[in-house]
Amino acid sequence: AVLSVKNLSAGSKLNSVSFDVRAGEIVGIAGVEGNGQTELIEVLSGLLRVSGGGFELNGRDVTRLSARQLKELGIAHIPEDRHRRGLLLEFNLADNAILGSHYRRPAATGIGLLDEMAIAEKAGRLIRDFDVRPPNAALPARALSGGNQQKLIIGREFDFQPKLLLVSQPTRGVDIGAIEFIHRKLVELRDSGAAVLLVSAELEEIMSLSDRVLVMYQGRIVGEVDPQKVEQQELGLLMTGGKKD
């Protein structure tokens, strides 16, 4: 297991959750929104304080580490709200491309100054590789469509070459072409050996991308299903707190 979560709790929304995510698999979290999925991702990315239990990355206890420390160890995060958590909308694409790595090489020099040439090179590479349109690193992030904003965030987080990717609502508010592109990139990352934890309100997205699906209800994991075998009725029952007969 890359990620091992053990009796993890946070406030009143996350209650004693335990599960593993292994290398080379996508684990989906299914559930009606507001049942602890947001809090789970924010705890694992270092944005929310743990109140009980903990979690390990490759066998190391990382429960109390900061968001920056977790990122340095290989946890990347694609947030559910790209405007509030993912981008600085008034900053240009180049500046947004280095968020989370702005303090280290190649974005920063050895004396703590920004390396504009290195930043421009990285931004250009991400814009090209992740098909961000229009391909102009000088544009403010606000000028992009939702799908292109999302592709910029995904490119930036993938560039960390994460051991674990936490991704929440990856295709919310994006067009069909961007959805297909994002799905393909997530599968490629999994196939490269990374572990992926996926939260989405789109049940079809969860079922098509996930190797395993965990169901959350009222802050707890209430079941695990095989997305290739589970019946829609069974999954619906689990998501609303019921149980299969």
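Values reported hereafter were calculated over all heavy atoms of this structure, with side chains retained and with hydrogens, waters and symmetry mates removed.
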- Can you see which heavy atom on Ile119 is nearest to which on Ile98, and at what distance? CD1-CD1, 3.7 Å
- Message: Are Leu209 and Val2 linked, directly or through intermediate hydrophobic residues, by side-chain heavy-atom contacts shorter than 4.5 Å (ILVMFWY only)?
- Response: no
- Message: With heavy-atom distances below 4.5 Å as the criterion, would you say the side chains of Lys163 and Asn58 are in contact?
- Response: yes
- Query: Do Asp95 and Leu88 have side chains that get closer than 4.5 Å, going by heavy atoms?
  - Reply: no
- Query: Counting only N and O atoms by type, is there a donor-acceptor contact under 3.5 Å from the side chain of Asn7 to the main-chain atoms of Ser18?
  - Reply: no
- Item | Least distance between heavy atoms, Leu87 atom then Ala141 atom | CD1-CB, 4.4 Å
- Task: Starting at OG1 of Thr240, measure out to CD of Gln218 and round the result to the nearest 0.5 Å.
- Result: 10.5 Å
- Item | Glu224, CD atom: more than 12 neighbouring heavy atoms under 6.0 Å | yes
- Taking Thr171 for the side chain and Val174 for the main chain, is one N or O donor matched with an acceptor at less than 3.5 Å? no
- Task: Would you check if there is a donor-acceptor pair between the side chains of Thr38 and Glu80 at a distance under 3.5 Å?
- Result: yes
- To the nearest 0.5 angstrom, please state how far the CG atom of Asp129 sits from the CG atom of Asp159. 8.5 Å
Hey, can you pull the donor-acceptor pairs under 3.5 Å for the side chains in residues 108-118, sequence neighbours left out?
unit_1 : atom_1 : unit_2 : atom_2 : d
Thr109 : OG1    : Ile111 : N      : 3.4
Thr109 : OG1    : Leu113 : N      : 3.1
Thr109 : OG1    : Leu113 : O      : 3.2
Asp115 : OD1    : Met117 : N      : 3.2
Asp115 : OD1    : Ala118 : N      : 3.1

- Write down the atom of Ala30, the atom of Val213, and the distance for their closest heavy-atom approach. CB-CG1, 3.8 Å
- Grab the two heavy atoms, one from Leu198 and one from Ile206, that are nearest each other, plus how far apart they are. O-CD1, 3.7 Å
- Start with the C-alpha gap between Ser168 and Gln37, add the side-chain angles, then the distance that decides, and say whether side chain to side chain contact (heavy atoms under 4.5 Å, CB included) holds. CA-CA 9 Å; Ser168 189; Gln37 302 97 316; over 6 Å; no
Side-chain donor-acceptor pairs of residues 182-191 under 3.5 Å, sequence neighbours excluded:
unit_1 : atom_1 : unit_2 : atom_2 : d
His183 : NE2    : Glu205 : OE2    : 2.6
Arg190 : NH1    : Asp211 : OD1    : 3.3

- Note on the structure: The complete set of salt bridge (Lys or Arg N to Asp or Glu O under 4.0 Å) pairs with one or both residues in residues 47-67, sequence neighbours excluded, reads Lys6-Glu56
- Item | Under 3.5 Å: donor-acceptor pair, side chain of Glu39, backbone of Ala10 | no
- Task: Give a yes or no on whether the backbone of Ala178 and the side-chain of Lys151 come within a donor-acceptor separation of less than 3.5 Å.
- Result: no
- Take Phe181 and Ile176 through the side chain to side chain contact (heavy atoms under 4.5 Å, CB included) test and state the conclusion after the steps. CA-CA 9 Å; Phe181 181 89; Ile176 292 174; over 6 Å; no
- Query: With a distance cut-off below 6.0 Å to the six-membered ring centre and an angular limit of 45° from the axis, does Arg68 pair with Tyr103 as a cation-pi contact?
  - Reply: yes
- Within-4.5 Å side-chain heavy-atom neighbours: Ser45 and Leu70: no
- Shortest non-hydrogen separation from Leu238 to Val222 and the atoms involved: O-CG2, 3.6 Å
- Rounded distance (nearest 0.5 Å) linking atom CD1 of Ile41 with atom CG of Leu166: 5.0 Å
- Backbone of Pro140 reached by a side-chain donor or acceptor of Asn92 within 3.5 Å: no
- Query: Mind checking whether Glu72 and Arg104 have side chains closer than 4.5 Å, heavy atoms only?
  - Reply: yes
- Item | Donor-acceptor side-chain pairing of Glu42 and His77 below 3.5 angstrom | no
- Message: Any side-chain to backbone donor/acceptor pair from Gln169 onto Ala201? Under 3.5 Å, distance only.
- Response: yes
- Message: I'd like to know if the side chain of Arg156 reaches the main chain of Asn96, judged simply by a donor and an acceptor atom lying under 3.5 Å from each other, with no hydrogens or angles considered.
- Response: yes
- May I ask you to decide whether Arg172 forms a salt bridge with Glu202, counting only side-chain N to carboxylate O separations under 4.0 Å? no
- Task: Would you indicate whether the side-chain heavy atoms of Met207 and Val230 approach each other to under 4.5 Å?
- Result: yes
- Give a yes or no answer on whether the side chain of Ser51 reaches the backbone of Ser9 with a donor-acceptor pair at less than 3.5 Å. yes
- Flag the pair Leu73 / Gln69 as yes when at least one side-chain heavy-atom distance between them is below 4.5 Å, and no otherwise. no
- CG (Asn15) and CD1 (Ile221) are apart, to the nearest 0.5 Å, by 11.0 Å
- Query: Do the side chains of Leu203 and Met239 get nearer than 4.5 Å, heavy atoms only?
  - Reply: yes
- Under a 4.5 Å side-chain heavy-atom rule over Ile, Leu, Val, Met, Phe, Trp and Tyr, are Phe158 and Phe160 clustered together? no
- Item | Flag side-chain contact, heavy atom, 4.5 Å: Arg125 against Arg128 | yes
- Val32 backbone acceptor or donor facing Asn35 side chain under 3.5 Å: yes
- Query: Can you tell which of Val167, Ile78, Ile29 makes a side chain to side chain contact (heavy atoms under 4.5 Å, CB included) with Val199?
  - Reply: Ile29
- Would you call Asp226 and Arg212 a salt bridge, using N to O less than 4.0 angstrom? no
- Message: For residues Val225 and Tyr217: do they belong to one hydrophobic cluster (side chain heavy atoms under 4.5 Å, members Ile, Leu, Val, Met, Phe, Trp, Tyr)?
- Response: yes
- Derivation of the side chain to side chain contact (heavy atoms under 4.5 Å, CB included) call for Gln150 and Ile154: CA-CA 6 Å; Gln150 192 74 345; Ile154 289 171; 4.0 Å; yes
- Message: Atom CZ of residue position Phe91 - does it have more than 12 heavy atoms of other residues, nucleotides or ligands inside 6.0 Å?
- Response: no
- One should read off an interatomic distance between Leu152 CG and Leu139 CG, to the nearest 0.5 angstrom, of 11.0 Å
- Message: Count I, L, V, M, F, W, Y as connected when their side-chain heavy atoms are under 4.5 Å apart, and connections chain through other members. Are Leu47 and Val50 then in the same cluster?
- Response: no
- Item | Asp175 vs Glu180, side chain to side chain contact (heavy atoms under 4.5 Å, CB included): CA-CA, chis, key distance, verdict | CA-CA 9 Å; Asp175 61 38; Glu180 293 176 350; over 6 Å; no
- Message: Can you tell me how far apart CD1 (Ile153) and CG (Leu99) are? Round to the nearest 0.5 Å.
- Response: 9.0 Å
- Closest heavy-atom pair, Gly219 versus Val17, reported as atoms and distance to 0.1 Å, is O-CG2, 3.3 Å
- Query: Are Lys71 and Glu157 within salt-bridge range, i.e. N to O under 4.0 Å?
  - Reply: yes
- Ion pair check, Arg22 and Asp20, cut-off under 4.0 Å: no
- Leu40 and Phe55: same hydrophobic cluster, using ILVMFWY side-chain contacts below 4.5 Å? yes
